[in-house]
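Per chain, numbering begins at 1; letters A, B, ... match sequence-line order.
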2 protein chains.
Amino acid sequence: MQTATNLTVKLNVDERHRLKVLADAKKRTPHFLMKEAIQRYIADEEAEQMAVKIAIASVEHYKQTGLHVSLDEVRTWAKAVKVDRSAKIPSCHV
Amino acid sequence: MQTATNLTVKLNVDERHRLKVLADAKKRTPHFLMKEAIQRYIADEEAEQMAVKIAIASVEHYKQTGLHVSLDEVRTWAKAVKVDRSAKIPSCHV
DNA sequence: CCAGTTGGATGACC
DNA sequence: GGTCATCCAACTGG
């Protein structure tokens with residue numbers, strides 16, 4: 001195990017105490033809750049960053065290749081799918 | 001603002017560093033993220049506690065008064081509302 | 001009893 | 001506000 005190192009966070013008194021309340025409502029320690037809080041947050045935000053990065057990369061790719069599929073094409077396909085479940089998905093083109 | 005006091009949270013190295021990465025991806029400081037993290041967490045968990053408390057109180061109230069409205073009654077009302085937007089909502093009874 | 005981990009408070013520095 | 005280094009109490013496993 002990698003010896004957990006110490007960080008400090010500055011919170012006002014009431015936040016601290018709300019943590020304590022939740023903590024014993026949950027039968028866990030405040031410290032534990034903070035860790036959880038931060039871990040969850042990291043996970044979430046990391047996912048968000050990923051999504052953003054993918055979107056940006058995607059646009060970049062389009063700018064460099066000109067490859068794309070237009071919104072109209074997608075709409076057409078969406079309609080077609082309603083009648084024919086195996087309608088061919090539009091492919092990329094310049 | 002009321003004197004923010006210092007608390008300590010112990011995280012492993014990688015969590016720390018992931019925070020830093022997200023932090024500068026977001027152009028904010030790690031500390032700030034931790035605060036956010038904890039505040040969000042508190043808010044969420046508090047809401048959850050509330051919901052649970054209300055549900056329990058509600059059941060308690062039913063047990064003591066016998067007052068309730070049955071699922072069927074709600075369903076009937078829901079249907080009625082579709083035709084008559086001002087259908088009377090079912091009232092509690094024993 | 002000692003070592004390691006968790007849980008937590010402080011004081012100091014930028 | 002943002003960050004680090006200590007130091008302390010309590011518990012746990014050897």
Side-chain angles (χ1 to χ4, degrees), chain A residues 1-69 71 74 92, chain B residues 1-65 67-68 71:
Chain A
M1 189 183 287
Q2 275 297 344
T3 14
T5 75
N6 237 244
L7 311 193
T8 43
V9 95
K10 299 199 182 186
L11 303 167
N12 325 335
V13 220
D14 62 294
E15 293 173 310
R16 211 156 118 203
H17 134 248
R18 285 159 84 194
L19 261 181
K20 204 196 163 105
V21 170
L22 281 171
D24 75 22
K26 283 199 153 214
K27 307 284 234 160
R28 269 177 184 57
T29 130
H31 187 141
F32 184 86
L33 296 186
M34 303 186 218
K35 274 170 68 173
E36 264 237 13
I38 294 177
Q39 280 159 12
R40 281 184 201 257
Y41 185 85
I42 291 178
D44 280 15
E45 296 295 309
E46 243 170 24
E48 217 184 293
Q49 285 306 121
M50 269 307 134
V52 171
K53 254 180 53 188
I54 289 170
I56 291 177
S58 171
V59 169
E60 260 323 295
H61 179 263
Y62 160 66
K63 283 208 270 193
Q64 273 160 33
T65 63
L67 280 175
H68 70 287
V69 28
L71 179 54
V74 174
C92 295
Chain B
M1 192 183 286
Q2 269 302 327
T3 32
T5 75
N6 238 218
L7 337 181
T8 46
V9 104
K10 307 208 181 186
L11 303 169
N12 320 328
V13 219
D14 61 294
E15 293 173 311
R16 209 159 118 203
H17 152 232
R18 284 159 84 195
L19 261 182
K20 205 197 161 106
V21 171
L22 281 171
D24 75 22
K26 282 198 155 217
K27 307 285 232 160
R28 270 178 183 62
T29 131
H31 186 165
F32 184 86
L33 297 185
M34 302 187 220
K35 274 172 71 171
E36 265 234 25
I38 294 177
Q39 278 159 11
R40 281 188 201 267
Y41 186 85
I42 291 177
D44 280 16
E45 296 295 308
E46 242 169 26
E48 217 185 293
Q49 286 305 122
M50 269 307 132
V52 171
K53 254 179 52 188
I54 288 170
I56 291 178
S58 171
V59 169
E60 260 322 296
H61 179 262
Y62 161 66
K63 283 209 270 196
Q64 274 161 33
T65 62
L67 280 175
H68 69 288
L71 179 54

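By the 4.5 Å heavy-atom criterion applied to side chains, Arg28(B) and Glu36(B) are not counted as neighbours. Side-chain atoms of Gln49(B) and Leu22(A), non-hydrogen and from C-beta on, do get closer than 4.5 Å to each other.
Thr3(A) comes within 4.0 angstrom of the backbone, heavy atoms only, and of no base.
A side-chain donor-acceptor contact under 3.5 Å links Thr65(A) to the backbone of His61(A).
Near DNA chain C, meaning a heavy atom under 4.0 Å from it, residues 7-35 of chain B has Thr8(B), Lys10(B) in order of number.
The distance from the CG atom of Leu7(B) to the CG atom of Leu19(A) is 7.5 Å, given to the nearest 0.5 Å.
Across all non-hydrogen atoms, the minimal contact from Ala4(B) to Asn12(A) is CB-OD1, 3.8 Å. Contact detail for His31(A) and Lys10(B): the closest heavy-atom pair is NE2-N, 3.1 Å.
You can see that DNA chain C meets the heavy atoms of chain A within a 4.0 Å-exclusive cut from dT5(C) to dT10(C), reading 5' to 3'.
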Kindly indicate, with the supporting measurements, whether the criterion side chain to side chain contact (heavy atoms under 4.5 Å, CB included) is fulfilled by Thr29(B) and Leu33(B). CA-CA 7 Å; Thr29(B) 131; Leu33(B) 297 185; over 6 Å; no
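The residues Arg18(A) and Glu15(A) are annotated as not salt-bridged, no charged nitrogen and carboxylate oxygen being separated by less than 4.0 angstrom.
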